[in-house]
Amino acid sequence: MPKPSVPGQPILASVPNETDPVCGMMVDPRKAAGKAVHGGKTYHFCSSRCAERFDKEPEKFLDAPTAVGMEHPSSSSRGHGRHAPHSAAPDSAASKTARYTCPMHLQIVQMGPGHCPICGMALEPMDIFAEVEADSEYDSMRLSFWVSAALSLPLLLLSMLGESLDLHLAPNVLNGIELLLATPVVLWGGWPFFKRFWASLVNRSPNMFTLIGLGTGAAYLNSLAATLFPQMFPASFRDRHGAVPVYFEAAAVITTLVLLGQVLELLNLAPQLAHLLAADGTEKDVALDQLKPGDRLRVRPGERVPVDGAVREGASAVDESMVTGEPMAVEKTTDDKVTGGTLNTSGSFIMEAERVGNETMLAQIVKLVSEAQRSRAPMQRLADKVSAYFVPAVIIAAILAFAAWASFGPEPRLANGLVAAVAVLIIACPCALGLATPMSIMVAVGRGAHTGVLVRNAEALEALAKVDTLVIDKTGTLTEGKPRVLAVSVFEGGGFTKEGLLWLVGSVESASEHPLARAIVAAAKEKGIQLSDVSEFRASPGGGVEGRVLGDKVLVGTSNFLQERGVNAKTGAKLPEMGFGLDGMPAISYVLVAVNEKLAGVFALADSMKESTPEAIRALRNEGLRIVILTGDRKDAAKVIADKLRIGEVVGEVLPQEKAERVQKLKAEGRIVAMAGDGINDAPALAAADVGIAMGTGTDVAIENAGITLVKGDLHGIVRARKLSRATIRNIKQNLFFAFLYNAIGIPIAAGALYPVFGLLLSPMLASAAMSFSSVSVIANALRLRKVSL
């Protein structure tokens, strides 16, 4: 049987990545750009180009050694290289343990930082809590930026203010000085961009760096030729003084601005520390990755709890809002559980570590969030289609702009044409289109996590706003999921006392994770009954359990469950009278017991409704949602809850597969359906719904089959999630509109559309600043989701 989940702790499945045999990149087979079969084995590829190269010479790539630093994630524990069994010395192995991926091309995965071979963007870490190597690319980019900025500033001043500075320098001398200042910037500082430019040509994947490489390369090479061989230029390239214009400052400043953008993109992580108490009482600070279960740690006021564990000494109030979304701090005393990442607000306490590293609740939440942030929303498809043709279209526009200026423009026609072409190449921004959806999703998923709403994928977040029907399980979703045994009745001739029946049933149910089972086991333990071992245990979700205890065959479950196994559950089954209420609620569940194919008794159990349920249901109904209760419990018991909540549609006594069929039937009617549940029996329906919503206090199987998890198990989370979904879709539409509008206006202006009217020709430097502004604007708009009211 599946092990019960820790309340509020989703269990996350690792992604079975493979290595692209051509380039060594890690590839998710489900998102691979291509695949090929050779020798009876299927290989997956990060790009169609890699697949084509493999098809031509498969043996060449299969015989080649694996790329340095690449490894199959299955060789590491839970998909994290940090626990790889074949690790070398720490200083070498640790630098290769963090997986990085491209935020725009999710099939690109590699060990360690780098850049995407498709779009050229800096890769982001996937394994947030793995050891992350010192990012040499970040250090290199930062150094390049500062050196380039130091050289570009005097170059810019010299080109713009040279005459007003009254330097009296000959044009060839001035050009020579600019050449000396610009060359290190373009060739050294911009070398990574030229490498990505070349990679985009080799991989046949034109991207932002294709345009940057063409633009800065054309400006620099033209200026170099004008400085060294001015006599080769025709009159159409010369100004009114007969000099050939140079654009060293444009090439250098563009390179510097792009370097600045790359430095801001890259991430540099620093390890966190914990205060470890030794056996002799001494204290020392250690990195979190050095902690192990059983370590005793001191947590001081204002510090975050380092890992999951339990308080052993002291007391405090802990702010758990980052996990549950609840603003009020929770009092913690001896033996209370604390969660890594939550904030200790007042007292100091000593805790014992129980789950460390990637096993902590926060680590799993972060992994879930990071995977969701990298998922693609359906709205991204439009941007993907446009982006596929965008760069070739921009290159054609640049060529047409040059041709138009060369044919019809004023003198110097060719020089003006070159400026226009470079400006078109630089101002066009495929990144604004590419980032429009992913940035909004990334920020929204993070915002949801801070309020206890964990989004597993972008598709679920987008679909939730369109949902018009909400199907809800009863036990553990509408109710607390913590039933209590109210009464035990034994049947005449059964041969059992109440205590004897409680012992027998408790022994069988001890192997089950169902809330009713846990309630029966708890009732037995409260009476001091020593339970026995069970053999041949078997559970039927939605029906009951069976097993043998000291040779007796015991069946526990619904009347249908017993009848299917040859027990006449109708004869003599006089159920206890209703009215054994818990908080005013009548007994809502009956569990029949048969021993050796003979009815022996019945248990009556009750569960209380969650305090937040009525208000949450009212809010959802006010949004126009059709609400249906779908439960495996008796319909009359479910109707008691439905009447209290004024829900008109109730379907009871359904098996797990029947729940999924009911959901499919609603979808066939044209409904967009969300299913909320917490148990194993809800998993098929959660998977069948357009959006599955699992309670974080529920079972692992339910959480794995849901697109959204509510950490606290509170239905108010659905209200918050729908608000977040609507805000996210609105934000994505704004980003896409701005990205399209920017390029639709910017490219014609760069080509010279304003020249006939205003006599203005856009400088490539201004085009570069506009390009940076477009991406920054999309990011800034997406960041507004962090403040959205939920």
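No experiment lies behind these values; they were computed from the predicted model shown.
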Practice prompt. Find the distance between CG (N781) and CZ (R730) and round it off to the nearest 0.5 Å.
Written response: 10.5 Å

Practice prompt. Working to the nearest 0.5 Å, report the span between OG1 of T216 and CG of L221.
Written response: 9.0 Å

Worksheet entry | Heavy-atom pair with the smallest gap, counting every atom of I427 and G746 | CD1-O, 3.6 Å

Under 3.5 Å, which donor-acceptor pairs link side chains of residues 439-449 to any protein atom two or more places apart or in another chain?
| unit_1 | atom_1 | unit_2 | atom_2 | d |
| --- | --- | --- | --- | --- |
| S440 | OG | A436 | O | 3.2 |
| S440 | OG | N731 | OD1 | 2.6 |
| S440 | OG | N735 | ND2 | 2.9 |
| R447 | NE | R786 | O | 3.2 |
| R447 | NE | V788 | O | 3.3 |
| R447 | NH2 | V788 | O | 3.0 |

Item to complete: Can you establish whether the number of heavy atoms outside W198 located under 6.0 Å from its atom CH2 is more than 12?
Response: no

Worksheet item: Could you give the distance from CG (L228) to CG (L179), rounded to the nearest 0.5 Å?
Response: 6.5 Å

Worksheet item: Looking at residues at least two apart in the chain, or sitting in another chain, which of them share a side-chain contact (heavy atoms from CB on, under 4.5 Å) with W146?
Response: R142

Worksheet item: Roughly how far, to the nearest 0.5 Å, is CD1 of I177 from CG of L155?
Response: 10.5 Å

Worksheet item: Do you know the tightest heavy-atom contact between S152 and T256?
Response: OG-OG1, 2.9 Å

Item to complete: Go through the structure and list residues passing side-chain contact (heavy atoms from CB on, under 4.5 Å) with K195, not counting sequence neighbours.
Response: W191

Worksheet item: Is there a side chain to side chain contact (heavy atoms under 4.5 Å, CB included) between N743 and F390 once you walk through the steps?
Response: CA-CA 10 Å; N743 285 293; F390 183 82; 3.3 Å; yes

Response to the item:
Residues passing the side chain to side chain donor-acceptor pair (under 3.5 Å) test with S148, sequence neighbours excluded, are none

Discussion item. Can you give me the closest heavy-atom contact between A401 and A420, atom names plus distance?
Written reply: CB-CB, 4.4 Å

Fill in: Any residue meeting side-chain contact (heavy atoms from CB on, under 4.5 Å) with Y755, in chain and number order, not counting sequence neighbours
W405, P410, L761

Fill in: L414 side chain near F402 side chain, heavy-atom distance below 4.5 Å
yes

Worksheet item: Side-chain contact, heavy-atom cut-off 4.5 Å: P412 with N416?
Response: yes

Practice prompt. Identify, with sequence neighbours excluded, every residue that meets side chain to side chain donor-acceptor pair (under 3.5 Å) alongside Y220.
Written response: T183

Worksheet item: Which atom names give the shortest non-hydrogen contact between G189 and F193, and what distance separates them?
Response: O-CE1, 4.4 Å

Discussion item. Walk me through whether L181 and V185 qualify under side chain to side chain contact (heavy atoms under 4.5 Å, CB included).
Written reply: CA-CA 7 Å; L181 290 172; V185 177; over 6 Å; no

Worksheet item: side-chain contact (heavy atoms from CB on, under 4.5 Å) with P756: which residues, sequence neighbours excluded?
Response: none

Worksheet item: About how many Å separate OH of Y742 and CD1 of I747, when rounded to the nearest 0.5 Å?
Response: 8.0 Å

Item to complete: First locate atom CG of L151, then atom CZ of F248, and finally report the distance between them rounded to the nearest 0.5 Å.
Response: 13.5 Å

